[in-house]
Amino acid sequence: MTTYEVLLFLHILGVFFLVGAAGVSNAVGFMLPRVSAARTALALLDLQHRVEWFVTLPAAVAIAVFGTLLVGEAGYGYGDAWIGGAYALIVFMLALDHGLLMPANRRMRRRVVALAEGPDVAELRAATTSAPANVAGALLDFSLLAVLFLMVVKPGS
């Protein structure tokens, strides 16, 4: 295998992990307002928290590192608009994820823990619903699709 093939494989492997982590986070986001037990809500919030730290973040770093190494190896330039756009979107996604969504996750978890002693289902659903987190999640999904588009289509190259 050539260096290019190894770097491309590792870069794409990072993409698969990132897409998988996005799927888990989306599933948690969809299920959380529908659960009726505090223990289930806590398990979902803990799952989302762990996926973000142990899958999303390492995958994003792998994508950036191996993508950076691929730029020169593949003959592209850092001045290409699609490469700059991809970098900007990755930084935006990490900032949104760890600056808004993860703090929302921690706030929800604290509220659910406070309700753990026999919560009312309506209280639990109110504690696990966050309009800003839903908007941020949708922005993350669209950003991920935009990054995938840039990587596959490579507009302007």
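Computed from a predicted structure; not experimentally measured. The analysis underlying the following values was restricted to heavy atoms, covering all of them including side chains, and did not include hydrogens, waters or symmetry mates.
Taking CG of Leu69 as the start and CG of Leu7 as the end, the distance is 5.5 Å to the nearest 0.5 Å. For the atom pair Leu144 CG and Thr56 OG1, the distance stands at 9.5 Å (nearest 0.5 Å). Between the CG atom of Leu47 and the NE2 atom of His49 there is a distance of 11.5 Å, given to the nearest 0.5 Å. Rounding to the nearest 0.5 Å gives a distance of 9.0 Å between OH of Tyr4 and CD of Glu73. Atoms CD1 and CG, on Ile83 and Leu70 in that order, are 9.5 Å from each other to the nearest 0.5 Å. Distance check, rounded to the nearest 0.5 Å: OG of Ser25 to CE of Met102 gives 8.0 Å.
A donor-acceptor distance shorter than 3.5 angstrom exists from the side chain of Asp80 to the backbone of Gly77, with no hydrogens or angles considered. Looking at Arg125, its side chain never comes within 3.5 Å of a backbone N or O of Leu32 through a donor-acceptor pair. Between the side chain of Arg34 and the backbone N or O of Phe30, at least one donor-acceptor pair lies under 3.5 Å. Put simply, the side chain of Glu5 gets close to the backbone of Thr2: a donor and an acceptor are under 3.5 Å apart.
Grouping the Ile, Leu, Val, Met, Phe, Trp and Tyr side chains by contacts below 4.5 angstrom, directly or via other members, places Val28 apart from Leu140. When the side chains of ILVMFWY residues are joined at heavy-atom separations under 4.5 Å, either directly or via intervening members, Val147 and Val153 end up in a single hydrophobic cluster. Taken together through direct or relayed side-chain contacts under 4.5 Å among Ile, Leu, Val, Met, Phe, Trp and Tyr, Val55 and Phe16 form part of one hydrophobic cluster. Residue Trp53 is not grouped with residue Leu42 when hydrophobic side chains (ILVMFWY) are merged at heavy-atom distances under 4.5 angstrom, including chains of intermediate members. Cluster membership for Leu10 and Leu57, using ILVMFWY side-chain heavy atoms within less than 4.5 angstrom, is not shared.
Counting only residues at least two apart or in different chains, salt bridge (Lys or Arg N to Asp or Glu O under 4.0 Å) contacts with residues 42-60 comprise Asp46-Arg109.
Shown here is Tyr78, whose OH atom has more than 12 heavy atoms of other residues, nucleotides or ligands within 6.0 Å.
Of the options Val6, Val65, Ile63, a side-chain contact (heavy atoms from CB on, under 4.5 Å) to His11 is made by Ile63 and by none of the others.
Considering only heavy atoms from C-beta on, Val19 comes within 4.5 Å of Leu148 through its side chain. Taking the side chain as every heavy atom from C-beta outward, Met31 and Leu44 approach each other to under 4.5 Å.
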Stepwise side-chain contact (heavy atoms from CB on, under 4.5 Å) check, Phe66 with Phe9: CA-CA 9 Å; Phe66 297 119; Phe9 173 78; over 6 Å; no

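In terms of heavy-atom proximity, Ala127 sits nearest to Arg111 at CA-NH2, 3.1 Å. When all heavy atoms of Val112 and Ala38 are compared, the pair lying nearest together is CG1-O, 3.6 Å.
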Do any side-chain atoms of residues 86-99 form donor-acceptor pairs under 3.5 angstrom with protein atoms, and if so which ones, sequence neighbours left out?
unit_1, atom_1, unit_2, atom_2, d
Tyr87, OH, Thr68, OG1, 2.4

